[in-house]
Amino acid sequence: MERFRIAGEARLDGTVEVAGAKNSVLKLMAAALLAEGTTTLRQVPGILDVTFMAQLLDTLGCEVKVDAEQRLATIAVPGTIGHQCDYDLVRKLRASISVLGPLLARCGQAEVALPGGDNIGSRGLNMHVAGLESMGAKVHIEHGFVIAEAPQGLHGAEVWLDFPSVGATETIMMAAVLARGTTIIENAAREPEIQDIAAMLVEMGAQIDGAGSPRIEITGVSGLLKPVDHVVVPDRIVSGSWAFAAAITKGDVTVTNGHAEHLELPLDKLHKAGAEITVLNPGFRVRMHDRPKPVDVVTLPYPGFATDLQAFVIALNAISDGAAMVTENLFEGRFTFAQELTRLGAQIQTDGHHAVVRGVPRLSGAPVVASDIRAGAALVLAGLAAEGETLVSAAHHVHRGYTDFAGNLRRLGADVVVEPDDAEMYWS
């Protein structure tokens, strides 16, 4: 078990490069199951979740090699693959459910243990199940496993999502590429990661129109898809994290390989908080000279303000000159972070989906615990803006989503180390 030790009153200055998106690469690795042969992914982030997904695919009969230094992953998929995913791996990784659609499409059956991952609230599989059932699958949960069967294959259907769920959109889209006929997903998720997955599937031979809009149309093809060489879209959440890091520390950070067009609303909020934003090609630069102004934020599905950046805007508001309200519409468990931030002296009151944050001139270092990937990263950044030393336990959460987070912070001028934490077992 590990923790971050952070020396406060730091100012970040320099350049940081962003790799491919966590929320895309894991699904792309699952999509590789739809093709026999070797698929190559480039700009793969060196994160723990990629290791977990590689191990999961290995248990299905694939041979996965990840080169963190080269940011490269190769997935060799055999002619016959397994269809059972055990709990020991799935419990570590929420994204493991993304193999459900490809396995059902290719094998006609799938058994996937109910997934684990971050502690940020309920994320049910009802829309995944309803979509697959409308395509002819029989799905039930038994002994902690999602068991899906389609012995006669899947067929096209019109699927209406009650909510633009990223996971359900991905599951249905990946299952539909080999189904008979045409599948239409209405109220589909529109995230750049959805567009990236659709782009790779099209490269593999699938027929998909409308990705990035609320209506996606997939015409199934016969036989398997073909392996490809694909570059993963840059991680907009990591890019946004570094943007907020610059503002929180009154720093000057250039983010290379980040797409500013994927962060229009967060960058606009930072501008309103007083940051100077310069769009580069590729990337952007964020400079902050004064204490931030407070900004109200409401999290919504893309292109709204991402729930994954909510913790960072709370951290920014915690040191702002005024008060602001942050409304969380997606995951009720996200405000666990706010409770930890109060240990650093932040003034936050939560009520249901709302958090009122009253800025203080300076936070003070203290021991805190990360509850998820983004909460952990935001607590580290808050520690940089605090007086004294901050310890952030449960560092493994951050390792799941950020490549060498402490190393990048040190290269930007911070004093941050990762060290053993025997006490973490009581908190994880």
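All of these numbers come straight from a predicted model, not from anything done at the bench.
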Val295/Leu270 under side chain to side chain contact (heavy atoms under 4.5 Å, CB included): CA gap, chis, key distance, verdict
CA-CA 8 Å; Val295 287; Leu270 284 171; over 6 Å; no
What residue among Val326, Ile248, Thr299, Asp296 forms side-chain contact (heavy atoms from CB on, under 4.5 Å) with Val313?
Val326
Do side-chain atoms of Arg400 reach the backbone of Leu48 as a donor and acceptor pair under 3.5 angstrom?
no
Would you please say whether a donor-acceptor pair under 3.5 Å links the side chains of Thr327 and His353?
no
Is any side-chain N of the basic residue among Arg71 and Glu17 closer than 4.0 Å to the acidic one's carboxylate O?
yes
Regarding Arg236 and Glu193, does a basic nitrogen lie under 4.0 Å from an acidic carboxylate oxygen?
yes
Residue Glu63 excluded, over 12 heavy atoms near CD under 6.0 Å:
no
Under 3.5 Å side-chain donor-acceptor pair for Asp196 and His230:
yes
Report, as yes or no, whether the 6.0 Å neighbourhood of atom CD on Glu186 holds more than 12 heavy atoms from other residues, nucleotides or ligands.
yes
Backbone of Thr336 reached by a side-chain donor or acceptor of Ser371 within 3.5 Å
no
With a 4.5 Å cut-off on side-chain heavy atoms, are Leu309 and Leu263 touching?
yes
Does Lys22 pair with Asp235 as a salt bridge, N-O distance under 4.0 Å?
no
Charged N to carboxylate O under 4.0 angstrom, Asp229 versus Arg42?
yes
With the side chain counted from C-beta on, respond yes when Leu316 and Leu381 share a heavy-atom pair under 4.5 Å apart, and no when they do not.
no
Between the side chains of Asp415 and Arg410, is the shortest nitrogen-to-carboxylate-oxygen separation below 4.0 Å, so that they form an ion pair?
no
Taking 4.0 angstrom as the limit, do Lys293 and Asp321 come out as a salt bridge?
no
When every non-hydrogen atom of Leu344 is compared with those of Gly383, the smallest separation belongs to CD1-N, 4.4 Å
May I have all residue pairs that pass ring-ring contact (aromatic ring centres under 6.0 Å, His included) and include part of residues 284-308, sequence neighbours excluded?
none
Glu191 versus Asn23: any side-chain heavy-atom pair under 4.5 Å?
no
So, Asp67 and Lys65, do they make that salt bridge, N to O below 4.0 Å?
no
Which atom pair, heavy atoms only, marks the closest approach of Val221 to Gly205?
CG1-O, 3.7 Å
Using distance alone, with no hydrogens and no angle criterion, decide if Thr307 and Glu328 have a side-chain donor and acceptor under 3.5 Å apart.
yes
Less than 4.0 angstrom from a charged side-chain N to a carboxylate O is my criterion; do Arg362 and Glu9 meet it?
yes
Could you check whether any side-chain heavy atom of Leu178 comes within less than 4.5 Å of a side-chain heavy atom of Leu34, counting everything from C-beta outward?
yes
Among pairs that include at least one residue of residues 247-270, which meet ring-ring contact (aromatic ring centres under 6.0 Å, His included), considering only residues two or more places apart or in two chains?
His259-His262
Does a side-chain heavy-atom distance below 4.5 Å link Glu276 with Val286?
no
